[in-house]
Amino acid sequence: MTVLHAGGKFEKKAYKVSGGLHGVGVTVVNFLSESLDVEVYRDGKIYKQSYERGKPKGPVKASGTSEETGTKITFKPDERNFWR
């Protein structure tokens with residue numbers, strides 16, 4: 001969430017061809033946001049972490065159980081970076 005080019009396609013040649021993805025998407029959103037919350041549903045657990053202007057507010061914490069899988073990102077754009 002805070003390191004550019006940290007996505008899976010850059011690890012061990014997971015993808016031989018990429019179509020315009022550079023591994024910066026969610027990291028840039030994180031740095032341009034006033035706040036960003038991540039929830040990861042994996043291995044029967046829910047993991048959460050919150051960020052404020054690109055910096056973690058604390059460590060990743062397990063916060064419950066779920067049979068779902070996937071990732072949920074919720075963010076609030078920082079008005080200092082976007083004009084009305």
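Position 1 is the first residue of the sequence; numbering continues from there. These values consider heavy atoms only, across backbone and side chains, with no hydrogens, waters or symmetry-generated copies.
Put simply, the side chain of K48 does not reach to within 4.5 Å of the side chain of K61, judged on heavy atoms. Contact check for F82 versus L32: side-chain heavy atoms found under the 4.5 Å cut-off.
Side-chain atoms of Q49 come within 3.5 Å of backbone N or O of G58 as a donor-acceptor pair.
Applying side-chain contact (heavy atoms from CB on, under 4.5 Å) to I73 and the options V26, D37, V40, V29 leaves one that passes, V26.
Counting heavy atoms of neighbouring residues, nucleotides and ligands inside a 6.0 Å radius, atom CZ of R53 exceeds 12 of them.
Rounded to the nearest 0.5 angstrom, T69 OG1 and Y41 OH are separated by 11.0 Å. Atom CZ in F31 sits 11.0 Å away from atom CG in L36 (nearest 0.5 Å). Put simply, CD on E52 and OG on S35 are 7.5 Å apart, with the number rounded to the nearest 0.5 Å. With rounding to the nearest 0.5 angstrom, the OG1 atom of T27 is 6.5 Å from the CE atom of M1.
For K45 and D43, the salt-bridge test fails: no basic side-chain N is under 4.0 Å from an acidic carboxylate O.
The two residues G54 and T2 have their closest heavy-atom pair at O-CG2, 3.5 Å.
Clustering ILVMFWY residues whenever any of their side-chain heavy atoms sit less than 4.5 angstrom apart, transitively, puts Y51 in the very cluster that holds V60.
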